[in-house]
Amino acid sequence: MMPALRDNFILPISDYDLDSTLGCGQAFGWERDADGWTGAIKGRWVRLTSVCGGIKVQLAQTVRDLSWVTDYLQTNVNIREIIATFPKNDEQLRGAVKTCVGLRLVRQDPWECLASFILSSTKQIVQIRQIVCTLSERHGSSVIVPSGEKARFAFPTASQLAMLSEVDLRACRMGFRAPYLLAAARRTVSGEINLSAIGRMELSLAREELMKLDGVGEKIADCVLLFAYDFPTAFPVDVWVRRVLTQFYFHGRKVNNHRLRCFIEKHFGLNAGYAQQYLFHHVRMTSGKNLSATGLAPIS
DNA sequence: AACCAGGGAGCGT
DNA sequence: ACGCTCCATGGT
């Protein structure tokens with residue numbers, strides 16, 4: 001029997017915190033208001049609200065198939081099973097997990113994720129959001145929204161960006177990242193870099209492939225591998241993660257990259273990427289720094 | 001008003 | 001392998 005045509009659903013799920021998941025800097029196209037988050041998945045308008053027992057999903061049009069939403073939100077993932085794969089005797093990590101209950105990883109579109117993270121270098125979360133928003137408004141396709149809702153725009157496709165000029169991109173306030181993004185778009189369109197094929201590669205090869213792109217180093221490659229592709233051991237190391245790793249596991253002494261990667265590989269296990277996300281979120285929340293500029297403070 | 005944020009390229013060591 | 005500077009922008 002076919003499921004009914006509906007434009008709103010409740011996804012029954014526990015341990016899913018929308019605020020930390022959509023606001024923590026893994027995806028940049030979501031907008032928060034008083035009671036929920038609005039964004040677009042695969043060019044379709046979506047509004048998500050935390051309700052008792054799950055997540056309320058509102059759409060602009062009726063659908064039968066919700067798999068594009070559940071795939072994005074990864075609501076089929078059993079987070080307890082993931083956490084159970086973390087190292088048993090790591091009290092520091094356990095503590096981080098405890099302070100971040102409900103933090104999840106979502107599964108993003110590879111191009112949008114790659115482009116967003118090319119834009120992320122040396123930028124704070126609010127600024128990345130700002131750039132993504134401007135870029136989408138000016139160069140992305142408009143999305144069908146329910147009556148009364150404000151206009152929304154999908155993140156521009158590689159083809160949409162490839163035909164622009166560096167000047168057009170710089171006008172979206174992305175500075176020196178403009179030539180990187182433009183080249184990535186053009187090389188994606190030309191097929192020189194094949195984003196679908198990357199998902200089928202072995203992790204280290206996929207990483208090398210992404211790092212062929214100008215403006216994509218280890219950190220950004222790992223973000224794309226973790227947030228867009230199914231590589232649960234990808235482990236992005238930014239300054240925050242490096243900081244928390246040296247504190248927790250190296251007595252605050254500095255470690256070279258090689259030793260750090262060796263440690264990560266042998267310590268965190270099958271779902272290292274999730275562990276990274278908990279450590280990242282935890283250290284940012286507890287660093288004592290003013291997070292108002294990061295977009296995290298008003299969310300939590 | 002200088003300085004900071006903070007990833008990657010490109011350099012020199 | 002390591003360290004340094006620059007990049008563009010917006011916030012403090």
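Given the structure is predicted, the values throughout are model-derived calculations rather than measurements. Naming: A, B, ... by sequence-line order, numbering from 1 per chain.
Here the side chain of A:Y180 is nearest to one of B:dA9, C:dC7, B:dG6, namely B:dA9. Distance from the side chain of A:K123 is smallest for C:dA8 among the nucleotides C:dG3, C:dA8, B:dA9. Side-chain proximity of A:Q124 to B:dA9, B:dG8, B:dA5: nearest is B:dA5. Among the nucleotides C:dA8, C:dG3, C:dT9, the one closest to the side chain of A:K254 is C:dG3. Set against B:dG6, C:dA8, C:dG10, the side chain of A:W240 has B:dG6 as its closest nucleotide. Distance from the side chain of A:D214 is smallest to B:dA9 among B:dA9, B:dG7, B:dG6.
A salt bridge links A:E209 and A:K212; the closest N-O separation between the charged side-chain nitrogens and carboxylate oxygens is under 4.0 Å. Checked for salt-bridge contact, A:D71 and A:K42 miss the test: no charged N lies under 4.0 Å from a carboxylate O. Ion pair A:D7/A:R47 not flagged as a salt bridge, since none of the NZ, NE, NH1 or NH2 atoms sits closer than 4.0 Å to an Asp/Glu carboxylate oxygen.
Note: CZ (A:R259) to P (C:dA1) measures 13 Å, nearest angstrom. Rounded to whole angstrom, the span from the CD atom of A:E218 across to the P atom of B:dG8 amounts to 8 Å. The distance from atom CZ of A:F117 to atom P of B:dG8 is 11 Å, rounded to the nearest whole Å. We find that CD1 of A:I128 is positioned 14 Å from C1' of C:dG11, with the value rounded to whole Å. Rounding to whole angstrom units, CG of residue A:N256 and C1' of C:dG3 are separated by 14 Å. Atom pair A:L169:CG and C:dA8:P shows a separation of 14 Å (rounding to whole Å applied). Between A:L210 atom CG and B:dG8 atom P the separation is 12 Å, expressed in whole Å. What separates CG of A:L213 from C1' of B:dG7 is a distance of 15 Å, to the nearest Å.
When the P atom is compared between B:dG6 and C:dC2, the two are found 22 Å apart, to the nearest whole Å. A gap of 22 Å separates the P atoms of C:dC7 and B:dA1, to the nearest Å.
Distances shown here put every side-chain N or O of A:R173 at or beyond 4.0 Å from the OP1 or OP2 atom of C:dA8. Contact between the side-chain N/O atoms of A:R170 and the OP1/OP2 oxygens of C:dA8 is found at a separation under 4.0 Å. Within the structure, every side-chain polar atom (N or O) of A:N257 is placed at least 4.0 Å from both OP1 and OP2 of C:dA1.
Without hydrogens or angle criteria, A:Q127 side chain to A:Q124 main chain gives a donor-acceptor distance under 3.5 Å.
In this model, a donor atom of one side chain and an acceptor atom of the other lie less than 3.5 Å apart for A:E218 and A:N257.
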